[in-house]
Novice: 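Here it is, the structure in full.
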Amino acid sequence: QVQLVESGGGLVQAGGSLRLSCSASGRSFSTYTMGWFRQAPGKEREFVAAAGWSSSSTSYADSVKGRFTISRDNAKNTVHLQMNSLKSEDTANYYCAASRGFFMTRSQSSYDYWGHGTQVTVSS
């Protein structure tokens, strides 16, 4: 069993930056694909970014590519999402997730463990 706890959300002005963190408990963290998803009010949850066992293997939604960076520290069982040039449309609850699957994936159904989320609000 893996428990995930997100932190770092908050209120920021458009154009600003935030760094989200996700701390994972349990063993074998380095073997999991780690992902970030988000859900805005009235919308479905959507993929944001994912990282394989190494941060050199990453994937991003087109809407955040070039602005967000996912990274992981396997020694500390943490994954981060650096968010720059934030826009009002980035406002959402952001979730960290872990997948036991072998391949990095954007599919929510492939993720086995989820955190409770951290709210990001971008004011225009």
Side-chain angles (χ1 to χ4, degrees):
Q1 189 73 11
V2 175
Q3 291 185 327
L4 304 173
V5 179
E6 302 95 336
S7 62
L11 174 64
V12 64
Q13 288 187 332
S17 298
L18 279 176
R19 188 189 194 213
L20 305 184
S21 297
C22 174
S23 178
S25 66
R27 297 179 293 179
S28 304
F29 172 81
S30 63
T31 66
Y32 294 130
T33 289
M34 298 302 297
W36 286 96
F37 294 80
R38 67 186 182 186
Q39 186 168 21
K43 295 186 177 181
E44 294 186 352
R45 189 162 57 187
E46 63 177 3
F47 169 78
V48 175
W53 67 273
S54 168
S55 292
S56 62
S57 177
T58 58
S59 178
Y60 296 93
D62 288 344
S63 59
V64 306
K65 198 173 296 182
R67 301 188 296 122
F68 290 11
T69 303
I70 187 171
S71 62
R72 63 190 296 165
D73 185 339
N74 290 333
K76 296 183 179 180
N77 282 17
T78 58
V79 61
H80 304 285
L81 185 68
Q82 178 67 43
M83 305 186 296
N84 298 329
S85 302
L86 283 162
K87 305 175 182 180
S88 57
E89 50 263 44
D90 294 318
T91 294
N93 202 15
Y94 284 71
Y95 297 89
C96 173
S99 170
R100 295 176 296 180
F102 183 78
F103 297 104
M104 187 170 56
T105 176
R106 299 183 173 205
S107 173
Q108 296 184 49
S109 62
S110 297
Y111 285 81
D112 303 286
Y113 307 104
W114 292 82
H116 292 295
T118 184
Q119 178 67 35
V120 171
T121 302
V122 183
S123 63
S124 56

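In this text, all values refer to a predicted model and were calculated from it rather than measured experimentally. One is the number of the first residue; the rest follow in order along the sequence.
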Novice: Counting only heavy atoms from other residues, nucleotides and ligands, does the tally under 6.0 Å from CD of Q3 exceed 12?
Specialist: no
Novice: May I ask you to decide if G52's main-chain N or O and R72's side chain share a donor-acceptor pair within less than 3.5 Å?
Specialist: yes
Novice: Mind checking whether Y95 and M83 sit in one hydrophobic cluster, side chains of I, L, V, M, F, W, Y counted as touching below 4.5 Å?
Specialist: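 No; tracing contacts between hydrophobic side chains, which count when under 4.5 Å, never links both residues.
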Novice: Any link between V48 and M34 through a network of hydrophobic side chains (Ile, Leu, Val, Met, Phe, Trp, Tyr) touching at under 4.5 Å?
Specialist: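 Per the 4.5 Å side-chain linkage, V48 and M34 are co-clustered.
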Novice: Can you measure from CD (Q1) to OH (Y113) and round to the nearest 0.5 angstrom?
Specialist: 5.0 Å
Novice: Using modelled atom types only, decide if a donor and an acceptor are shared between the side chain of D112 and the backbone of S99 within a distance under 3.5 Å.
Specialist: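 Looks like no, no N/O pair under 3.5 Å.
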Novice: Please check: side-chain N/O of N74 versus main-chain N/O of F29, any donor-acceptor pairing under 3.5 Å?
Specialist: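 No; zero donor-acceptor contacts below 3.5 Å.
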Novice: Just verifying a value: how many Å separate L4 CG and W114 CH2, rounded to the nearest 0.5 Å?
Specialist: 10.0 Å
Novice: Just how far is it from atom CD of Q119 to atom CZ of R38, taken to the nearest 0.5 Å?
Specialist: 11.5 Å
Novice: For A40 and A92, which heavy atoms make the closest approach, and how far apart are they?
Specialist: N-CB, 3.8 Å
Novice: Please check if F37 and V2 belong to a single hydrophobic cluster, counting links between Ile, Leu, Val, Met, Phe, Trp and Tyr side chain heavy atoms closer than 4.5 Å.
Specialist: no
Novice: NE2 of H116 to CG of N93: how many Å apart, nearest 0.5 Å?
Specialist: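 The distance works out to 11.5 Å.
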Novice: Can you give me the closest heavy-atom contact between S23 and T78, atom names plus distance?
Specialist: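 S23 and T78 have their closest heavy atoms at CA-CG2, 4.2 Å.
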Novice: Rounded to the nearest 0.5 Å, what separates atom CZ in R19 from atom CG in L81?
Specialist: 10.0 Å
Novice: Taking all non-hydrogen atoms of both residues into account, name the closest pair between G9 and L20 and its distance.
Specialist: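 Shortest heavy-atom separation between G9 and L20 comes out as N-CD2, 3.6 Å.
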Novice: In terms of hydrophobic clustering (I, L, V, M, F, W, Y; side-chain heavy atoms under 4.5 Å; direct or indirect links), are F47 and V79 co-clustered?
Specialist: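 No; V79 is not reachable from F47 via cluster members.
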Novice: For Y94 and F68, take the angle between the two ring planes, folded into 0 to 90°, and tell me which bin it lands in: parallel under 30, tilted 30 to 60, perpendicular over 60.
Specialist: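 Answer is tilted, since the angle falls between 30° and 60°.
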Novice: Donor-acceptor pair, T91 side chain versus V122 backbone, under 3.5 Å?
Specialist: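 Judged by distance alone, yes, a pair lies under 3.5 Å.
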Novice: Identify the heavy atoms of A14 and S124 that sit nearest to each other, and give their distance.
Specialist: CB-CA, 4.2 Å
Novice: Under the 3.5 angstrom rule, does the side chain of Y111 hit a backbone N or O of T105 as a donor-acceptor pair?
Specialist: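 Answer holds: yes.
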Novice: Looking only at non-hydrogen atoms, find the nearest pair between M104 and S59 and report the distance.
Specialist: CE-CB, 4.0 Å
Novice: Whether K87 and D90 form a salt bridge (side-chain N of Lys/Arg under 4.0 Å from carboxylate O of Asp/Glu) is what I want to check.
Specialist: no
Novice: L86 and Y60: same hydrophobic cluster, using ILVMFWY side-chain contacts below 4.5 Å?
Specialist: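 In one cluster with L86: Y60, yes.
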Novice: Measure from the side-chain N and O atoms of T118 to the backbone N and O of E6, and report whether any donor-acceptor pair falls under 3.5 Å.
Specialist: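 No.
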Novice: Exactly one of C22, C96, S21 should register a side-chain contact (heavy atoms from CB on, under 4.5 Å) with S7. Which one does?
Specialist: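 Of all the options given, the one that passes is S21.
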